[in-house]
Amino acid sequence: MSQLYLIALLLIAVIAANIIKPFIPRVPEALVLIAVGGLFTFIPVFQNFTLNPEFFLFLIIAPLMFQEGQGISFTTMKKNFNAIIQLSVILALFVVAIVALITDKIQSEWPLTLAIALAAIVVPTDAVAVNSMTTGLKVPKGLDHSLELESLFNDATGIVLLDLALTVYQQGSFNLVDGVTHFILVALGGLVVGALASGLIVALRLYLSFHASSAQATTIPLNILTPFAIYLLAEHMGVSGILAVVAAGIVHNYEQSRLQLIATESRVVSGTIWQTLTTLLNGIVFVILGLSLPKILKLIGDFGFEKSFGLFGLALIIYIAMFVGRFLWVSYQKQERLTGFFGRHGTKDRAKRAQIFGVAGVHGAVTLALAMSLPKTVNGQPLPFANEILLVATLVILISLIIAALVLPRILDEEEQVYTESELNHARTAMIDSAIIKVEQRVRDHAVKTAIVQTLQTQKLTVAQPKKSHHEEETLLLLNRVSDDLQERLDEMIGEGYDQDVIERYSRFLQRALLSPATSRHPLARTKQKLHRWRHEFSWHFKTRTFTKKQRIRYQEKLMVNNPKVAAKVAQWKDGREAMLRLNEDMQHAADRFLTAALQEELAAHENTENVADVRRLLERFFRIVAHDYRKEHVSVNASEYIQAFADEYSFLSTQLAAGKVKSAVANELYTEINQAQTLLLMEQGSETES
């Protein structure tokens, strides 16, 4: 049960960090998550927190690498194969060599194999952490792609090198041929196992998509479990589980590109699940780093000031060495195939990209997992300097995060806004209002029309839009104007055959109930009114001894037979009631016409149309009160009506785009919103039909 509490609290920590982040926009998300993790160490369940590295690699790193692999197509892999080898193997080995030599010189008492182990631990980079720091910043085209490709595969390089270094330390000797062979077998073996196993799973999913009784209930869970199963299989076979899940992700990307529009709903659902899952897992990584801070502080206390200061100096030197190594590697790289990533050799652009590439070598999740995965004993003896390696690796992570957070905003230009938030909101409002006008003109049934309009109005809630200070005043002005129009229509109806007494009663009710709505009365007054009504109904039921519907019907029938005066009054009331309901229905149609005209006017004048929506809600409430329809019943709307409404939105956007009144980026954003809204609505309607 404690593990469940642990996972739940980790998720709460990520949620808390996301709530705090908007209040400190200049602080990178990774640092906020680390800080929140540090604060959560005061919770008892997180005190003396220890991380199981195998659990961490299996449950967090494996699905993250699988999802990153799904973002890389087979075509991209083939096109950039040389770049991947250069970035993830050659550059990684170059950095490992530099770090190992420096560590061996500074910490001469350490065995060279442990210096190599430390270098292998700190070589993996974290592109996700970099992305969180470059939000709103313009990373040179191609360079961001190189960081993603490097991060995707150099994790496996670090893992294999660490395993090789520990094996050599355990055996006490090193054979170059055996070492290279081991490296190739573990790496290539992981890729082969991942690709083959993923191919079998893809085939199984395709079969289930067409033959299972519930395709979604089988294929989506199978997709979620894929990285875990493949990681375990690869590790069991002695090859790289990380590379196996990356290969599996690439195979799944290939599957999706071939499937095109097959199993669309399952793919949409699984894509949403993966997006949410990876966001949470990325957050948990840095929360765990924050939770590990007390252990690091304890190590510093155990080592003492002098030794801890020396280890901090080593971590700083290692970071500087890695920065210099990455900077020089890019600066002097002359391969034409890498020009798209790093720019032309010898230019100012190349120098700037080399600088950015060096600073963006941020370390995170995998480095933390590898540092904590060091064995406590080797050959029955405690592994020497394990705590020192853990402290240095953690300090390298923190130094890389802090320096990147401080430097990247200064060396990168701010991303040019293609459009402002106000432009997007204005275009969205105009699009929705134009569709509402079309619905008002096309649909005759008031209930159906109202249901569609209310649904379209919810699209405006995509983002929070603060209301203008004079919004309530505009709403009241429009309400008075519509009320006057309705009153004029009532006056016209007297000459059209309506009973004048009914018209006058409706007019009085219009003034009393619409312009002075019950919602504006004091809450205590409304409560007193409800209590009075309930007391009256309770006493009436006991007096007449009618508690069920059948008893009430029999009582009314008996009363009508025994009391002719009451029967005459009821008949007269029924006639008046029917006339009132017919009048109310006509007034609904008149109000729809008036509101449509008002919406067209405000849309043409580029005014805020929220007041129209507010008046529509007040009118709808008034018409329900007149009809004594206090319970809002579900209105069944044909899916074709919603599809037509969304088509009206598409048509408006296309027209505005062709006329140059809407930017293409704004149109693309709104097209995406329409697609998502339409998919969600049709899925909901489908589930309602099945139930």
Side-chain angles (χ1 to χ4, degrees), residues 2-18 29-30 32-34 36-38 40-41 45-46 49-71 121-122 124-132 148 151-156 158-159 162 190 194 221 223-235 240-249 252 273-293 295 362-374 390 393-394 397 401:
S2 61
Q3 295 297 320
L4 292 176
Y5 288 143
L6 182 67
I7 294 171
L9 287 171
L10 285 172
L11 294 176
I12 291 172
V14 175
I15 294 170
N18 286 325
E29 185 178 356
V32 175
L33 288 162
I34 292 172
V36 170
F40 268 58
T41 56
V45 72
F46 285 124
F49 175 78
T50 56
L51 177 68
N52 184 327
E54 286 299 322
F55 173 84
F56 186 71
L57 286 169
F58 168 70
L59 199 60
I60 295 178
I61 303 301
L64 285 176
M65 300 306 295
F66 176 74
Q67 177 62 3
E68 287 188 31
Q70 287 192 100
I121 288 171
V122 298
T125 54
D126 192 336
V128 174
V130 177
N131 288 336
S132 71
E148 291 174 1
S151 174
L152 189 62
F153 291 97
N154 70 358
D155 297 340
I159 292 171
L162 176 61
N223 179 258
I224 302 299
L225 293 174
T226 294
F228 306 108
I230 289 179
Y231 179 85
L232 289 176
L233 175 65
E235 290 293 317
S240 172
I242 295 298
L243 277 178
V245 294
V246 170
H252 274 67
I273 292 173
W274 269 114
Q275 186 176 7
T276 305
L277 185 62
T278 51
T279 301
L280 288 172
L281 292 178
N282 278 315
I284 287 174
V285 167
F286 292 104
V287 170
I288 288 175
L289 180 57
L291 293 172
S292 305
L293 291 179
K295 183 177 180 180
V362 173
H363 309 279
V366 177
T367 294
L368 180 64
L370 294 181
M372 293 186 171
S373 69
L374 289 172
L390 173 60
T394 306
I397 294 173
L401 287 169

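Along the sequence shown, residues are numbered consecutively beginning with 1. Only a predicted model underlies this, so the values are computations on that prediction, with no experimental measurement involved.
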(message) Going by side chain to side chain donor-acceptor pair (under 3.5 Å), name the residues that satisfy it together with Asp126, two or more places apart in sequence or in a different chain.
(response)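 In terms of side chain to side chain donor-acceptor pair (under 3.5 Å), with neighbours along the sequence ignored, Asp126 is linked to no residue.
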
(request) Hey, could you give me the CG/CG distance between Leu281 and Leu64, rounded to the nearest 0.5 Å? (result)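 Between Leu281 CG and Leu64 CG, I get 5.0 Å after rounding to 0.5 Å.
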
(request) Could you grab the distance from atom CD1 of Ile230 to atom NE2 of His252, nearest 0.5 Å is fine? (result)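 Between atom CD1 of Ile230 and atom NE2 of His252 there are 6.5 Å.
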
For the student: nearest non-hydrogen atoms of [X] and [Y], plus distance:
{"X": "Ala16", "Y": "Val36", "value": "CB-CG1, 4.4 Å"}
{"X": "Phe58", "Y": "Leu232", "value": "CE1-CG, 3.5 Å"}
{"X": "Ile397", "Y": "His363", "value": "CG2-O, 3.3 Å"}
{"X": "Glu235", "Y": "Ser240", "value": "OE2-C, 4.1 Å"}
{"X": "Asn223", "Y": "Phe66", "value": "O-CE2, 4.2 Å"}

List in chain and number order the residues that pass side chain to side chain contact (heavy atoms under 4.5 Å, CB included) with [X], two or more places apart in sequence or in another chain; answer none if no residue qualifies.
{"X": "Ile61", "answer": "Phe56, Leu57, Met65, Ile242, Ala365, Val366"}
{"X": "Leu374", "answer": "Ile121, Leu162, Leu166, Leu383, Ile389"}
{"X": "Gln67", "answer": "Gln70, Trp274, Thr278"}

(message) Checking Phe286 now: which residues fulfil ring pair (Phe, Tyr, Trp, His ring centres under 6.0 Å) with it, not counting sequence neighbours?
(response)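 Residues passing ring pair (Phe, Tyr, Trp, His ring centres under 6.0 Å) with Phe286: none at all.
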
(request) Could you pull out all residues at least two apart from Phe40 that satisfy ring pair (Phe, Tyr, Trp, His ring centres under 6.0 Å)? (result)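 Listed in chain order: nothing, the list is empty.
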
Using a 4.5 Å cut-off on heavy atoms from C-beta on, say whether the side chain of [Y] contacts that of [X].
{"X": "Leu390", "Y": "Lys295", "value": "yes"}
{"X": "Val14", "Y": "Leu10", "value": "no"}
{"X": "Ile284", "Y": "Ile60", "value": "yes"}
{"X": "Leu293", "Y": "Ile34", "value": "yes"}
{"X": "Leu401", "Y": "Leu289", "value": "yes"}
{"X": "Pro124", "Y": "Leu370", "value": "yes"}
{"X": "Leu59", "Y": "Phe228", "value": "yes"}

(request) Keeping the roles fixed (side chain from Ser151, backbone from Glu148), state whether a donor-acceptor pair exists under 3.5 Å. (result)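 Checking the backbone N and O of Glu148 against the side chain of Ser151, no donor-acceptor pair under 3.5 Å is found.
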
